[in-house]
Amino acid sequence: MSQVLHQYGVNLIAIVILSRGKCGLSKCISLYLLAMVVTDQLVIITEVILFRISYEFYPGSLLSITPVCSVLAVLTRASRDSSVWLTITFSFDRFVAICCQNQQAKYCTKNTASVVIATTCILLSLKSIVWYFIYEPQEIIDNVPWFCNVKPSYFTEPGWVAFDWFDTILTPMFPFVLILLLNALTVRHILVASRVREGLKGQIKGEKHNDPEVESRRKSVILLFAISGSFILLWLTYVAEFLYYNIAETTLLNYNQSLNIFLRVGSMLQNLSSCTNTFIYGVTQNKFREQFKSIMKHPIILIMKLVYNKKS
C-alpha cells in the first residue's frame, strides 16, 4: 500500500512539473508527456487503488456492488487503453518530427497534440463502455447485486469472442506492431541522416565536431526508445498469456497453478507500466530532475523559514 501511495505521489509531482512547462521541452512534447502521466495516474487510481486494494482488503465495500464495480471496470479499461495509445501518438509525433521534417511545422504543434489526445481518449472511452455489460452479480443480498463475475457467455458467444479479440488486438497487440515499425523507421532515418551530416562535416576522416542537431535528435530518441521499450517489455507477458489462452482454446477456469501465476505476473507488469514513465523522465531529462529536486526542496525551505521566524 505504501509503495502505491509513493508512486501516486511521484506521478502527481510529475504532473505538476510537466504542467509548468519548464523542462526545456517543446509545448507539443510536454503536452503528450503530461497526458501520458495523467492517464498513468488514472490507471493507478482505478486499477490498483480502487479495484485491487479494495478487492483484497475491503471485499464488502460499496465498490463491490455490481453496478459500481462494472463502472469501475469501464474506467479502468478506458484509462489503461488511453495510456497505451498515448504512447503510440507520442511515438508517431516523434516519428514525424524526425523523419518527416517538411510536415513537422503542421503536425508537431500544441493544437494538433490537443486534438489527437482528446480524440484518442474519447474514442477509447466510448469503446470501454461495452465492459459494463460483460459482468453479472455473483450473489444478490436483499435485492442488492454484489461483486462482478464475467458472464459465461463472454467465453462462448461469437459476438463476445470477437469483441475479446478486437479489444486485445486494439490494446496492446496492434500498438506492439506500430511501436516496432515506427521505431525501426526512425532508427533507419537517423542512421542515414547521421552519415550524410558526418560526411558534410568531415567526420569520416576522424575529425570531431559538436553538432547541436545530432545531439537534439539523440536526446529525443533516447526518451522515445525508453518509453516505447518499457511499454513492450512490461506488456509482453500479458500478450503471451493472451496468445496461449486462444491457441490452447482453454478458459481461465482450467488454468493450473503455474498458469495462474503467469497470469498474475502479466497483470502486475501491466500495472507497473503505469509507474515507469516518471522514472524514465528523471533518467533521461536533466531539467526534469532539476525541477523535481526544486519541488522536493520547497517544503523543507518553508519549514526552515517558519522555524527561523519563530526563533527570531
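Predicted model only: the values in this text are computed from it and were never measured. Quick note: numbers below take in every heavy atom, side chains included, and nothing from hydrogens, waters or symmetry partners. Numbers for residues simply follow the sequence, beginning at 1.
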Just verifying a value: how many Å separate [X] [atom1] and [Y] [atom2], rounded to the nearest 0.5 Å?
X      : Y      : atom1 : atom2 : value
Phe147 : Ile141 : CZ    : CD1   : 7.0 Å
Ile140 : Asp142 : CD1   : CG    : 11.0 Å
Thr46  : Gln41  : OG1   : CD    : 10.5 Å
Asp93  : Leu86  : CG    : CG    : 11.5 Å
Gln103 : Phe95  : CD    : CZ    : 11.0 Å
Ser83  : Met36  : OG    : CE    : 7.0 Å

Got [X] and [Y] here, is their nearest side-chain heavy-atom distance under 4.5 Å?
X      : Y      : value
Trp160 : Val130 : yes
Gln291 : Leu18  : no
Val187 : Phe225 : yes
Lys127 : Asp167 : yes
Cys100 : His189 : no
Thr76  : Leu50  : no
Ile65  : Leu62  : yes
Ile227 : Phe231 : no

Just checking, Arg80 and Tyr238: is the charged tip under 6.0 Å from the six-membered ring centre and within 45° of the axis? yes

Group every Ile, Leu, Val, Met, Phe, Trp and Tyr by side-chain heavy-atom contacts under 4.5 Å, then state whether [X] and [Y] land in the same group.
X      : Y      : answer
Val150 : Leu75  : yes
Trp235 : Leu170 : yes
Ile179 : Ile169 : yes
Leu34  : Val115 : no
Val177 : Leu236 : no

Would you say that more than 12 heavy atoms from the other residues, nucleotides or ligands in this model lie under 6.0 Å from the NZ of Lys293, or not? no

Quick check: closest heavy atoms across [X] and [Y], and the distance to 0.1 Å?
X      : Y      : answer
Ile29  : Phe90  : CG2-CE1, 4.0 Å
Phe163 : Ile134 : CE2-CD1, 4.0 Å
Tyr132 : Val74  : N-CG2, 3.5 Å
Thr186 : Cys99  : CA-SG, 3.6 Å
Trp146 : Ser61  : CZ3-O, 3.3 Å
Ser64  : Cys69  : O-SG, 4.3 Å

May I ask you to check if the distance between the SG atoms of Cys108 and Cys28 is under 2.5 Å? no

